[in-house]
Amino acid sequence: MNESTFLKAPEIASIMEVSIPYAYKIIRNLNNELQQQGYLTVHGKVSRKFFESRYYSGQTKSTEV
């Protein structure tokens with residue numbers, strides 16, 4: 001499967017098992033952090049790499065049981 005560079009709110013909501021409005025709040029917080037570091041951000045999306053580094057300590061979430 002071809003993973004995109006950015007995650008959208010429905011994807012984050014599914015990954016974290018939270019509501020879509022809360023996923024948008026997570027995106028806003030992460031994008032604010034990126035902006036403070038001098039990065040450009042995309043409204044309503046967040047870098048998959050940055051999301052994984054912040055929520056999974058840089059490790060990709062395993063889907064294996």
Side-chain angles (χ1 to χ4, degrees):
M1 184 168 116
N2 186 10
E3 292 185 346
S4 66
T5 304
F6 293 96
L7 290 171
K8 299 176 186 174
E11 295 167 302
I12 291 177
S14 175
I15 291 167
M16 299 196 67
E17 298 179 357
V18 297
S19 67
I20 291 177
Y22 190 74
Y24 278 113
K25 184 175 181 177
I26 291 169
I27 290 171
R28 276 192 303 276
N29 290 337
L30 292 174
N31 280 341
N32 285 338
E33 285 184 41
L34 286 169
Q35 288 171 349
Q36 289 175 357
Q37 295 174 21
Y39 291 97
L40 297 175
T41 60
V42 178
H43 182 74
K45 299 180 183 180
V46 69
S47 161
R48 178 182 300 275
K49 186 175 178 180
F50 187 64
F51 171 79
E52 289 175 350
S53 73
R54 290 289 283 122
Y55 283 92
Y56 298 112
S57 303
Q59 300 174 0
T60 304
K61 181 180 170 185
S62 176
T63 57
E64 296 179 28
V65 177

Can you give each donor-acceptor pair under 3.5 Å made by side-chain atoms of residues 35-43, sequence neighbours left out, with the distance rounded to 0.1 Å?
residue	atom	partner	partner atom	Å
Q35	NE2	T41	OG1	2.9

Donor-acceptor list for residues 20-28 side chains, cut-off 3.5 Å, not counting sequence neighbours:
none

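The minimum heavy-atom distance linking L30 with F51 is given by the pair CD1-CD1, 3.8 Å. Contact between E11 and F6 at its shortest, heavy atoms only, is OE1-O, 4.0 Å.
Separation of atoms CZ (R48) and CD1 (I15) is listed at 6.5 Å; rounding is to 0.5 Å.
Listed by chain and number, the residues in a side-chain contact (heavy atoms from CB on, under 4.5 Å) with K49 are S47 (sequence neighbours excluded).
At a threshold of 4.5 Å between side-chain heavy atoms, the hydrophobic network of Ile, Leu, Val, Met, Phe, Trp and Tyr places Y55 and L7 in one connected group.
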